[in-house]
2 protein chains.
Amino acid sequence: MTPRTLDHPDRSEIRLEDVLHALSDPVRLQVVGYLAGSGESSCSAIDLAVSKSTTTHHFRVLREAGVIRQVYRGTAKMSSLRREDLDALFPGLLDTVIRAYDTQRAATP
Amino acid sequence: MTPRTLDHPDRSEIRLEDVLHALSDPVRLQVVGYLAGSGESSCSAIDLAVSKSTTTHHFRVLREAGVIRQVYRGTAKMSSLRREDLDALFPGLLDTVIRAYDTQRAATP
DNA sequence: TCCTTTGTACGACGGTCTTCGTAGTTTGAC
DNA sequence: GTCAAACTACGAAGACCGTCGTACAAAGGA
């Protein structure tokens with residue numbers, strides 16, 4: 001009966017090093033790139049080249065670093081970028097990283 | 001007699017993941033923050049809270065990721081940010097990270 | 001109620017990262 | 001030629017990371 005909850009760092013607890021580390025993995029960059037263009041998505045909506053448990057792991061790293069927010073909705077877990085918090089803390093960072101990711105992906109197919 | 005040289009990745013070899021990983025360490029962020037405000041510096045000009053060999057290691061990580069360029073000058077090794085290359089590849093990334101670093105440092109003393 | 005869908009927990013494995021000390025090299029100054 | 005300064009190379013220790021499979025839990029529909 002307990003509604004399942006997930007720990008998220010408070011905005012004041014988000015550390016730049018942790019955010020950059022969370023973004024320094026190709027799989028997690030792919031997730032962030034996808035979320036940037038899709039708003040809210042379930043974990044399984046993205047086609048990642050790793051197993052289910054590895055996917056869970058990467059989403060948790062992003063959540064614990066403060067990059068994404070996750071909520072349960074039925075059997076699914078919806079994820080979305082914490083744009084407001086990140087933009088307030090580190091203006092422009094998320095956008096420049098996403099643009100850099102898109103640029104690199106376009107350059108190296 | 002061979003002038004000591006150091007391997008640097010070509011601009012086209014610089015990967016976003018590697019750059020973000022290089023920037024995701026507190027010591028290396030401190031180095032980048034310092035270089036951003038000082039232009040070219042020797043390794044020992046920055047007061048890092050780690051040993052000399054660890055310092056060498058962190059500078060190498062930054063160099064191999066393509067974040068800094070290093071050249072020998074006498075007994076010293078001078079380091080500087082690869083601003084042109086990074087700005088061309090990932091516009092705004094370096095500046096936003098440095099600004100975010102300054103902001104966080106000012107907020108958490 | 002049973003089954004499917006969706007995601008979790010746990011433990012494991014191999015690899016990488018950060019850190020260090022010690023010993024060595026290169027350079028320029030005396 | 002000797003010496004100090006600046007940095008490197010090497011190896012080691014311990015922590016951490018990415019990956020997986022297996023077994024499990026929660027929610028919703030038939």
Side-chain angles (χ1 to χ4, degrees), chain A residues 1-8 15-32 34-35 38 40-80, chain B residues 1-8 15-32 34-35 38 40-80:
Chain A
M1 206 64 286
T2 34
R4 288 185 292 168
T5 57
L6 291 158
D7 263 0
H8 291 80
R15 304 279 308 166
L16 177 61
E17 307 90 282
D18 298 338
V19 171
L20 293 175
H21 172 251
L23 296 175
S24 71
D25 178 275
V27 176
R28 295 194 290 262
L29 265 183
Q30 188 185 345
V31 170
V32 170
Y34 183 89
L35 292 179
S38 80
E40 197 180 53
S41 304
S42 77
C43 294
S44 57
I46 316 175
D47 194 37
L48 301 174
V50 292
S51 75
K52 237 181 356 170
S53 28
T54 304
T55 300
T56 300
H57 161 73
H58 284 305
F59 272 88
R60 176 166 42 204
V61 171
L62 287 170
R63 172 168 49 81
E64 291 181 345
V67 177
I68 65 173
R69 194 173 290 283
Q70 297 187 289
V71 296
Y72 284 105
R73 183 119 72 224
T75 66
K77 188 161 75 169
M78 307 304 287
S79 301
S80 53
Chain B
M1 207 64 286
T2 34
R4 287 186 292 167
T5 57
L6 291 159
D7 263 359
H8 291 79
R15 302 281 307 166
L16 176 61
E17 308 90 282
D18 297 339
V19 170
L20 292 175
H21 173 251
L23 296 175
S24 71
D25 179 277
V27 175
R28 295 194 291 262
L29 265 184
Q30 187 184 345
V31 170
V32 170
Y34 183 89
L35 292 179
S38 81
E40 198 180 51
S41 304
S42 77
C43 292
S44 59
I46 316 176
D47 195 37
L48 300 174
V50 292
S51 76
K52 238 178 357 166
S53 27
T54 304
T55 299
T56 300
H57 161 74
H58 284 304
F59 272 89
R60 176 167 41 202
V61 171
L62 287 170
R63 172 169 49 82
E64 292 181 343
V67 178
I68 66 174
R69 196 172 287 283
Q70 299 188 289
V71 295
Y72 284 106
R73 183 118 73 222
T75 66
K77 187 161 74 169
M78 307 304 286
S79 302
S80 53

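The model shown is predicted, which means the values in this text are computed figures rather than measured ones. Hydrogens, waters and symmetry mates are skipped; everything else that's a heavy atom, side chains included, is used. To find a chain, count down the sequence lines: A is the first, B the second, and so on, and within it residues start at 1.
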Side-chain N,O ([X]) to OP1/OP2 ([N]) below 4.0 Å:
X	N	value
Ser44(A)	dT5(C)	no
Ser51(A)	dT19(D)	no
Arg4(B)	dT25(C)	no
Thr54(A)	dC20(D)	yes
His58(A)	dC17(D)	no
Arg73(B)	dA6(D)	no
Arg28(A)	dG18(D)	yes

Grab the [atom1]-[atom2] distance between [X] and [N] for me, whole Å please.
X	N	atom1	atom2	result
Phe59(B)	dA6(D)	CZ	P	14 Å
Asp25(A)	dC16(D)	CG	P	18 Å
Leu6(A)	dA25(D)	CG	P	18 Å
Glu64(A)	dT8(C)	CD	P	12 Å
Glu17(A)	dC17(C)	CD	C1'	16 Å
His57(A)	dT22(D)	NE2	P	20 Å
Arg60(A)	dC16(D)	CZ	C1'	14 Å
His21(B)	dG18(D)	NE2	P	9 Å

Practice prompt. Starting from the 5' end of DNA chain C, give me the residue, Val61(B) or Ser53(B), whose nearest nucleotide shows up first.
Written response: Val61(B)

Worksheet entry | Whichever of Val50(A) and Thr56(B) has its nearest DNA chain D nucleotide further upstream toward 5' | Thr56(B)

Worksheet entry | His8(A) side-chain N/O to Gln70(A) backbone N/O, donor-acceptor pair under 3.5 Å | yes

Discussion item. Test your reading of the model: is there a side-chain donor-acceptor pair from Arg63(B) to the backbone of Asp7(B), 3.5 Å cut-off?
Written reply: yes

Worksheet item: Is a donor-acceptor contact shorter than 3.5 angstrom present between the side chain of Lys52(A) and the base of dG7(C)?
Response: yes

Worksheet item: Do you know which two heavy atoms are closest between Ser41(B) and Tyr34(B), and how far apart they sit?
Response: OG-CE2, 3.3 Å

Worksheet item: Would you say the side chains of Thr56(A) and Ser53(A) form a donor-acceptor pair under 3.5 Å?
Response: no

Discussion item. Could you check whether Ser24(A) and Glu17(B), counting side-chain N and O atoms only, form a donor-acceptor pair closer than 3.5 Å?
Written reply: no

Worksheet item: Nearest of dT19(C), dA5(D), dG7(C) to any side-chain atom of Tyr72(A)?
Response: dG7(C)

Practice prompt. Looking at every strand, decide which applies to Ser42(B) at a 4.0 Å heavy-atom threshold: base, sugar-phosphate, or nothing.
Written response: sugar-phosphate

